[in-house]
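Just so you know, ligand 1 is whichever comes first in the structure, and atom 1 is the first atom listed for that ligand.
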Amino acid sequence: MVMKLKAVVVAGGAALLSLCVLLAVHPAAADAGGYGYGKKSIEDTVRKEVEKAIKRNPGVGPALVRLVFHDCWVNGCDGSVLLDKTPDSSSTEKAAVNNIGLDGFDVIDTIKSKLGAAVSCADIVVLAGRDASAILSGGRITYNVDTGRKDGVVSSAAAADAVLPESTFEFQQLKDNFARKGLTQEELVILSGAHSIGVAHFSSFHDRLNATTATPIDDRYAAALDADVKLQKTRQNTDDPVEKNNIRDMGAQFQRDAGYDATGVDTAAAGALDNSYYHNTLQNRVLFKSDWVLRTDGDAASDLVEYRENATKWDMDFSAAMAKLSKLPAEGTRFEIRKSCRFTNQNYY
Ligand code: HEM
Ligand SMILES: *[C@@H]1O[C@H](CO)[C@@H](O)[C@H](O)[C@H]1NC(C)=O
Ligand SMILES: *[C@@H]1O[C@H](CO)[C@@H](O)[C@H](O)[C@H]1NC(C)=O
């Protein structure tokens, strides 16, 4: 069976179709739960593909980290975020406002095409996010995850928008949102550190640059950001361009204009998943209101200082929080191992 699977992989663009044929021809093998892949072998394949994907397109690394949060938060870790349509709905989680910018689906598809029935799409999301975290942190973020998740068959944009936190939330709303998933205030502070990587659309932080709605933000940073958004509207040819989450990763001129104080930040580590977020937050040089409001609570603010001061502690605690996130149990009643991560099996045939 391993040989046959390899043949499918070589087929490249036609892989999905071939896989379909393969499974139709050998239903017993598919039902038996895989192709003799052990967990180690599954993990190796995922790791290799994530490495390749990030090398090709660094932007996909942050996307894979975020995908864990956005999958596991809605119906638990069940791959529901990956669905393009279900028998009940074509307005799946991907269409949610709070899922703006969500990406990494092609990487998940590629991994699925290599592993077939051996592994659920839900497991792939969690494994790929874990590997992206390890790669982007230079190996400092590591944690174990179990496999054996099943894929859900329900995915709704409205449900995702009802459950995912918004960048304009107040501190108490964020805290309540995390508490509903069994995550603590401290874990809110720890996981928000993921905003040391990746990008955000202007629409996710425009409130911060508007005098009517602005929450405290460093004046020089706000001015530099405002100017750069104007520039990026032209460059990216859109009214809703993206900006980098982390001022560490902006150009030197931007940093000077914004009065960035890089003391204690490893500025050579552009793009790294690390504790630089805490330096930025405590300087009011972060994009989202949801980042800034962490300063407004006494305990959360002391956690921010602790994580700014102790990079190793953040690496360890972020690893543990990601492991916990990756364990949020699926909430549905019907499950399967999908043939394609984008469709329920009922839709696929
Ligand atoms: C605490 C509540 C959170 C809020 C309100 C929030 C909000 C957001 C928003 C609005 C964006 C930008 C989307 C866009 O405009 O394209 C974003 C990006 C991102 N978020 Fe969060 N987030 C939260 C927590 C988290 C958590 C827990 C994680 C990770 C485990 C995470 C990881 C990321 C990453 C990596 C990006 C960049 C994605 C990319 O570049 O593709 N966020 N977040
Ligand atoms: C600023 O926010 C207010 C209130 O939401 C809105 O009416 C106004 O159009 C915004 N201004 C800009 C320039 O977007
Ligand atoms: C940083 O945190 C780690 C883990 O909690 C701890 O062992 C270490 O002593 C801390 N370092 C400092 C300088 O406080």
Side-chain angles (χ1 to χ4, degrees), residues 54 57-73 77 96-105 107 125-126 129-130 132-133 136-137 141 143 161 163-171 173-179 181 183 185 187-214 226 229-230 238-246 249 271-273 275 277 281 286-294 300 305-326 328:
I54 293 177
N57 170 19
V60 90
L64 289 171
V65 175
R66 186 175 178 224
L67 208 49
V68 178
F69 178 47
H70 285 232
D71 188 33
C72 295
W73 220 241
C77 308
V97 176
N98 292 339
N99 275 335
I100 182 172
L102 215 60
D103 208 345
F105 303 111
V107 184
V125 167
V126 160
R130 187 264 299 260
S133 301
L136 296 176
S137 66
I141 291 164
Y143 53 94
D161 274 329
V163 168
L164 288 164
E166 292 171 27
S167 64
T168 53
F169 271 12
E170 301 294 344
F171 179 75
Q173 289 176 293
L174 292 171
K175 189 176 163 172
D176 292 345
N177 184 276
F178 270 57
K181 299 292 166 185
L183 272 78
Q185 172 179 316
E187 286 164 335
L188 163 66
V189 175
I190 293 163
L191 286 171
S192 293
H195 293 160
S196 63
I197 53 172
V199 297
H201 288 80
F202 177 50
S203 55
S204 296
F205 61 87
H206 68 162
D207 57 297
R208 304 264 286 152
L209 301 180
N210 179 328
T212 317
T213 52
D226 194 52
V229 165
K230 289 194 174 74
T238 168
D239 279 342
D240 198 13
V242 295
E243 290 284 359
K244 293 191 167 101
N245 278 332
N246 196 332
D249 298 344
L273 178 58
N275 73 332
Y277 168 85
T281 307
V286 276
L287 292 184
F288 309 137
K289 174 182 169 184
S290 62
D291 296 323
W292 175 77
V293 293
L294 301 180
V305 173
E306 185 173 21
Y307 290 117
R308 179 187 65 188
E309 298 307 313
N310 192 334
T312 307
K313 182 167 171 54
W314 182 74
D315 292 340
M316 289 168 56
D317 292 354
F318 184 76
S319 301
M322 284 298 285
K324 182 168 171 183
L325 183 60
S326 304
L328 288 179

Atoms of ligand 3 close to N310 [distance to a heavy atom under 4.0 angstrom, numbered from 1] = 1 (C), 2 (O), 3 (C), 8 (C), 10 (C), 11 (N), 12 (C), 14 (O)

So, N210 versus T212: side-chain donor-acceptor pair below 3.5 Å or not?
-> yes

With a 4.0 Å heavy-atom cut-off (strictly under), which part of N245 contacts ligand 1: side chain, backbone, both or neither?
-> side chain

Top protein contact for atom 16 (O) of ligand 1, by heavy-atom distance | H201 ND1, 2.7 Å

Backbone N or O of N310 within a donor-acceptor pair of the N275 side chain at under 3.5 Å?
-> no

Atom 21 (Fe) of ligand 1: protein N, O or S atoms that are less than 2.8 Å away, sorted by chain | H195 NE2

Verify the distance criterion only: is there a donor paired with an acceptor across the side chains of H195 and D291 at less than 3.5 Å?
-> yes

Pairs under 3.5 angstrom, nitrogen or oxygen on both sides, ligand 2 versus protein: list them out, please.
| residue | atom | partner | partner atom | Å |
| --- | --- | --- | --- | --- |
| ligand 2 | 2 (O) | N210 | OD1 | 3.4 |
| ligand 2 | 2 (O) | N210 | ND2 | 2.4 |
| ligand 2 | 11 (N) | N210 | ND2 | 2.8 |

Of all heavy-atom pairs linking P165 and L174, the shortest is CB-CD2, 4.0 Å

Using a 4.5 Å cut-off on heavy atoms from C-beta on, say whether the side chain of F205 contacts that of S167.
-> no

Using a 4.5 Å cut-off on heavy atoms from C-beta on, say whether the side chain of R308 contacts that of T281.
-> no

Regarding Y307 and D317, is there a side-chain donor-to-acceptor distance under 3.5 Å anywhere?
-> yes

If we only count heavy atoms from C-beta on, is the F171 to L294 side-chain gap below 4.5 Å?
-> yes

Of the backbone atoms (N, CA, C, O) and the side-chain heavy atoms from C-beta on, which set of M322 has a member under 4.0 Å from an atom of ligand 1: side chain, backbone, both, or neither?
-> side chain

Proximal ligand 1 atoms for A63, defined as those under 4.0 Å from one of its heavy atoms | 41 (O)

For L188, take its heavy atoms, then give the atoms of ligand 1 lying under 4.0 Å from any of them.
-> 1 (C)

Once you round to the nearest 0.5 Å, how far does CG of L273 lie from CZ of F318?
-> 5.0 Å

Test item: side-chain donor near acceptor, D240 and S203, under 3.5 Å | yes

Return the residue, atom name and 0.1 Å-rounded distance of the protein heavy atom closest to atom 35 (C) of ligand 1.
-> P62 O, 3.3 Å

Please assess L102 against R66 for the test side-chain contact (heavy atoms from CB on, under 4.5 Å), listing each intermediate value before the final yes or no.
-> CA-CA 8 Å; L102 215 60; R66 186 175 178 224; 3.7 Å; yes

Heavy-atom gap D103 to ligand 1 smaller than 4.0 Å = no

Would you mind running through ligand 1 and noting each atom that sits below 4.0 Å from a heavy atom of F178?
-> 1 (C)

Is L191 close to F178 at the side-chain level, that is, under 4.5 Å between some pair of heavy atoms?
-> yes

What do we get for S204 next to ligand 1 when only non-hydrogen atoms under 4.0 Å count, side chain, backbone, both or neither?
-> side chain

Can you pull out the closest protein heavy atom to atom 2 (C) of ligand 1? Residue, atom name and distance to 0.1 Å, please.
-> P165 CG, 3.5 Å

Ligand-side contact atoms (ligand 1) for residue partner G101, heavy atom cut-off under 4.0 Å = 16 (O)

Got an N/O contact under 3.5 Å between E166 and ligand 1?
-> no

Close-contact set for ligand 1 against V199 heavy atoms, below 4.0 Å = 12 (C), 37 (C), 39 (C), 40 (O)

Mode of S290 contact toward ligand 1 - side chain, backbone, both, neither (heavy atoms, under 4.0 Å) = side chain

Considering all heavy atoms of both residues, which atom of S326 and which atom of C72 are nearest to each other, and what is their separation?
-> CA-SG, 4.2 Å

Does the side chain of R208 reach to within under 4.5 Å of the side chain of K289, using non-hydrogen atoms?
-> yes

